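Here's the structure we're looking at; comments come further down.
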Amino acid sequence: MLAVAAFPSLFAQTGENGLIFTPVSDTEASVSSDSTLTRKADISIPETVTINGHSYTVTEVAPNAFANNTNISSVALPSTLVTIGDHAFDGCTALKSIELPANLETIGDYAFFAKGGAGLGEITLPSKMKEVGDSAFFNAPLTTLTIDGDSSSGELTLGNAAFSGLSRAIENIYVARATPPKADVSTFNQRDYKSTFLTVFGDAIPSRDLYLTDPVWSLFKQPIITSAADIEHDTETAKSEYFTLGGVYLGTDRSLLSPGIYIHRHGSESEAVYLR
């Protein structure tokens, strides 16, 4: 019996919304697009699709699927998605934000390459993420990068120049991986190492020393913030109080503070905050 994936073009289905679904196995399909999609701004990709009477789970955005579509402003990705292929959203300059689903594991090379410096402003990599390809977010004007993680998170590799080429430094990077993601010096811009605020949180807190000694993550000049554990000033009140990262009490009036990162405590709860 012939495998469906061996002749994908014979089984491809074009929907009325300009999406093309192609089987990649007996149970899974990838999504791409045709020329009619260039007129659409909002795209919603389903979790399943029926092709020739057979149901497939959509697990992949195919390489070059939406490349150079300058009209796309929002994409709803299915929760079943595992892979975003090379150049999938390359050149989608109107796409300013996207929520990556929890099951996503791989982002290909140049997947969100931003031509002309237009593109995503914030991105959160889910806890199951295993690999971000070379130049995946090259030149994207990111202000915030969050790398989620939990006790089940495995190894994560960030490719060469994955977050480089930016017109300005990333303001904040938040990492919750117990094992520091593997990265190269070229993964980030040189200006990021000088001015980006790096915060380790969640499952990464016990691993702070691993980040401080890692050959790449240790290059960030700004303090690595974990929690307010170093704060010695105690209070039983529920008012908001502010401290330096070193635990020096600064008072309760945030309007008196200069822009920067501080420890904010409200009652028994504390967090690192960036005041603009």
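One-based numbering along the sequence shown. Bear in mind the structure is a predicted one, so any value in this text is a computation, not a measurement. The figures here come from the full heavy-atom set of this structure, side chains too, leaving out hydrogens, waters and symmetry mates.
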* To do: Could you check F201 against V175 for side-chain contact (heavy atoms from CB on, under 4.5 Å), going step by step and ending with a plain yes or no?
  => CA-CA 6 Å; F201 69 101; V175 188; 5.6 Å; no

* To do: With side-chain contact (heavy atoms from CB on, under 4.5 Å) as the test, would you mind laying out the steps for L158 and D184 before giving the verdict?
  => CA-CA 8 Å; L158 306 178; D184 185 82; over 6 Å; no

* To do: Under the side-chain contact (heavy atoms from CB on, under 4.5 Å) rule, what do T83 and T59 come out as? Steps first, then yes or no, please.
  => CA-CA 6 Å; T83 302; T59 59; over 6 Å; no

* To do: Quick one: do M129 and R177 satisfy side-chain contact (heavy atoms from CB on, under 4.5 Å)? Show the steps, please.
  => CA-CA 11 Å; M129 182 68 64; R177 295 282 181 134; 3.7 Å; yes

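For the atom pair L212 CG and F220 CZ, the distance stands at 12.5 Å (nearest 0.5 Å). Here N172 contributes atom CG and L142 contributes atom CG; the two are 12.0 Å apart, rounded to the nearest 0.5 Å. The line from CD of E105 to NZ of K128 is 7.5 Å long, rounded to the nearest 0.5 Å. To the nearest 0.5 Å, atom OH of residue Y242 and atom OG1 of residue T252 are 8.5 Å apart. How far OG1 of T80 is from OH of Y56: 15.0 Å, rounded to the nearest 0.5 Å. A distance of 10.0 Å separates CD1 of I72 from OG1 of T93, quoted to the nearest 0.5 Å.
Using modelled atom types, one finds a donor on one side chain and an acceptor on the other under 3.5 Å when comparing D42 with S74. Between the side chains of S79 and E47, at least one donor-acceptor pair of N or O atoms lies under 3.5 Å.
For the pair L81/N103, no side-chain contact is recorded, criterion being any heavy-atom separation below 4.5 Å from C-beta on. Side-chain contact between V24 and E60: present, with at least one pair of heavy atoms (C-beta onward) separated by less than 4.5 Å. Looking at F112 and I84, their side chains come closer than 4.5 Å, going by heavy atoms from C-beta outward. Proximity of T124 to T144: side-chain heavy atoms (C-beta onward) are nowhere separated by under 4.5 Å. Side-chain contact check for D148 versus P126: every heavy-atom pair is 4.5 Å or farther apart. With contacts defined as side-chain heavy-atom distances shorter than 4.5 Å, the pair L95/F66 does not qualify. Proximity of T57 to T27: side-chain heavy atoms (C-beta onward) are nowhere separated by under 4.5 Å. Using a 4.5 Å heavy-atom threshold, the side chains of F163 and N189 count as separate.
Linking Ile, Leu, Val, Met, Phe, Trp and Tyr residues whenever their side-chain heavy atoms come within less than 4.5 Å leaves I98 and V82 in two separate clusters. In terms of hydrophobic clustering, with Ile, Leu, Val, Met, Phe, Trp and Tyr side chains grouped at heavy-atom distances under 4.5 Å, L210 and V200 are assigned to different clusters.
Of the possible donor and acceptor atoms, one in the side chain of D203 sits under 3.5 Å from a partner among the backbone N and O of S151. Side-chain N or O atoms of D109 include none that pairs as donor or acceptor with a backbone N or O of D86 at under 3.5 Å. Looking only at distances, no side-chain donor or acceptor of D90 sits under 3.5 Å from a matching main-chain atom of A67. Side-chain atoms of S218 come within 3.5 Å of backbone N or O of D214 as a donor-acceptor pair. Side chain of S33 to main chain of G18: no donor-acceptor pair is present (N/O by atom type, distance under 3.5 Å, no hydrogens or angles). Proximity of a side-chain donor or acceptor of S153 to a complementary backbone N or O of D150 within less than 3.5 Å is detected. Judged by distance alone, with hydrogens and angles left aside, the side-chain atoms of S186 form no donor-acceptor pair with the main-chain N or O of N160 at under 3.5 Å.
Taking the six-membered ring for Trp and the full ring otherwise, F188 and W217 have centroids separated by under 6.0 Å.
Of all heavy-atom pairs between A62 and S30, the closest is CB-OG, 4.1 Å. Here the shortest heavy-atom pairing between I107 and A136 reads CG2-CB, 4.1 Å. Nearest heavy-atom pair, V132 versus A162, reported as atom, atom and distance to 0.1 Å: CG1-CB, 4.1 Å. Residues D192 and I170 share a closest heavy-atom pair of OD1-N, 2.8 Å. Nearest heavy-atom pair, A65 versus V31, reported as atom, atom and distance to 0.1 Å: CB-O, 3.5 Å. Of all the heavy atoms in P180 and A178, the pair that sits closest is CD-O, 3.8 Å.
Of the charged side-chain nitrogens involved, at least one lies within less than 4.0 Å of a carboxylate oxygen, so that K182 and E155 count as a salt-bridged pair.
Residues satisfying the side-chain contact (heavy atoms from CB on, under 4.5 Å) test with S195, not counting sequence neighbours, are A169.
Classification of the H87-Y110 ring pair by plane angle, with boundaries at 30° and 60°, yields parallel.
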